[in-house]
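Because only heavy atoms are used, hydrogens play no part in the values below, and waters and symmetry mates are left out as well, while side chains stay in.
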Amino acid sequence: METQLQSLIADILGDQIPPEQISKENSTEWDSLNHLNLILALEEEFGIEIPPEDFSQLHSNYEFLVKYIKQNMN
Amino acid sequence: MKFRLHHIGIVVADVDRYLDKRVSGTVTIDVMDETQDARIVLLNHGDLQPITELIQPMSDRATTAGFLKRKGGGYHHLCYEAASVTEVEEYFQESGIKTIYGPVSASALGNQLVLFGYTRNREIIEFVVNHAKNSA
């Protein structure tokens, strides 16, 4: 799962920062529009439904994304 | 799509340079929009054509700054008219459109409420709540 996530992050955010180290503080590419691109990609890749109330908390860091996906995949 | 097209949004680096080279249209509105942190200019092309909205982000925190940086500007969104915020929110829900932001007041559109959404095809879509339509 983490390999897929890292690939998505690299594709969408295209930062110089390694995906597993990315956060909203260190990424210049993780703006509101790319955050929506990431959310749509997470829904499609992992078959999860992300409710709007979770959008802002997901704009965080790699570790939080991993935790969130694991919690919502089952 | 049950909504009428209101305008086409285009992001530009410099409104004045764009206007100098424009093919058609008369400037009807030229304002600074604090919500978007952008200069907004509306170009009217006559009754038969939708309005063109030019959006010039004014800083890195502007809502369209990332778009300009990544794509260099150009076509940004289509905007449709709706009768109420509820109608837009229901349409977003039915169509799987994610809300980018709104409802907020849009100074370029007579302070009517607007909502921005993002479709599953990665398209930006805007709705302006037309009170006249609501009361018609």
Side-chain angles (χ1 to χ4, degrees), chain A residues 1 4-19 21-62 64-74, chain B residues 9-13 33-38 55-79 85-86 88-104 106 114-127:
Chain A
M1 182 279 277
Q4 293 167 274
L5 177 59
Q6 288 169 15
S7 177
L8 284 183
I9 291 171
D11 286 348
I12 294 165
L13 302 182
D15 253 313
Q16 300 302 312
I17 302 156
Q21 293 173 22
I22 207 156
S23 73
K24 69 174 181 180
E25 284 80 20
N26 65 18
S27 172
T28 57
E29 300 297 320
W30 201 350
D31 61 12
S32 59
L33 199 56
N34 264 344
H35 186 52
L36 286 169
N37 284 328
L38 187 60
I39 283 171
L40 288 170
L42 293 175
E43 288 187 335
E44 290 164 2
E45 185 73 25
F46 299 108
I48 58 176
E49 184 78 23
I50 302 174
E53 55 268 28
D54 290 353
F55 289 2
S56 60
Q57 61 170 321
L58 277 168
H59 200 173
S60 172
N61 57 44
Y62 176 79
F64 190 87
L65 290 173
V66 171
K67 185 178 161 192
Y68 184 92
I69 294 164
K70 283 181 177 172
Q71 282 177 344
N72 287 277
M73 273 182 74
N74 298 320
Chain B
I10 296 174
V11 172
V12 299
D33 184 310
E34 291 184 9
T35 304
Q36 297 189 54
D37 192 22
I55 309 152
Q56 177 186 336
M58 300 307 292
S59 75
D60 287 344
R61 74 168 192 86
T63 54
T64 48
F67 181 90
L68 179 64
K69 181 179 152 198
R70 283 192 286 275
K71 302 199 173 181
Y75 164 72
H76 181 259
H77 69 265
L78 294 179
C79 176
V85 170
T86 303
V88 177
E89 289 174 340
E90 286 175 357
Y91 181 70
F92 279 12
Q93 180 81 23
E94 291 164 8
S95 309
I97 295 171
K98 309 289 188 191
T99 301
I100 300 175
Y101 68 88
V104 296
V114 297
L115 298 92
F116 281 87
Y118 201 51
T119 74
R120 293 195 173 275
N121 281 327
R122 278 69 167 167
E123 298 161 325
I124 298 169
I125 188 169
E126 180 186 15
F127 282 87

- Check whether I50(A) gets within reach of chain B through its side chain, its backbone, both or neither, counting any heavy atom under 4.5 Å.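 Backbone only.
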
- Query: Are any non-hydrogen side-chain atoms of N61(A) and N26(A) less than 4.5 angstrom apart?
  - Reply: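 They are not in side-chain contact.
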
- Close side-chain approach of L33(A) and I124(B), heavy atoms under 4.5 Å: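 Side chain of L33(A) against side chain of I124(B), heavy atoms only: contact under 4.5 Å found.
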
- Task: Can you measure from CG (L58(A)) to CG (L36(A)) and round to the nearest 0.5 angstrom?
- Result: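 With rounding to 0.5 Å, CG (L58(A)) is 11.0 Å from CG (L36(A)).
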
List the atom of [X], the atom of [Y], and the distance in Å for their closest heavy-atom pair.
X: I12(A); Y: A41(A); answer: CD1-CB, 3.5 Å
X: L68(B); Y: G73(B); answer: CD1-N, 3.6 Å
X: P57(B); Y: V11(B); answer: CD-CG1, 4.0 Å

Heavy-atom donor-acceptor pairs under 3.5 Å, chain A with chain B:
residue	atom	partner	partner atom	Å
E29(A)	OE1	R70(B)	NH1	3.4
E29(A)	OE2	K69(B)	NZ	3.2
D31(A)	OD1	R70(B)	NH2	3.3
D31(A)	OD2	R70(B)	NH1	3.3
D31(A)	OD2	R70(B)	NH2	3.0
N37(A)	OD1	Y118(B)	OH	2.5
E43(A)	OE1	K98(B)	NZ	3.1
E43(A)	OE1	R120(B)	NH1	3.2
E43(A)	OE1	R120(B)	NH2	3.3
E43(A)	OE2	K98(B)	NZ	2.7
E44(A)	OE1	R122(B)	NH2	3.3
E44(A)	OE2	R122(B)	NH1	2.9

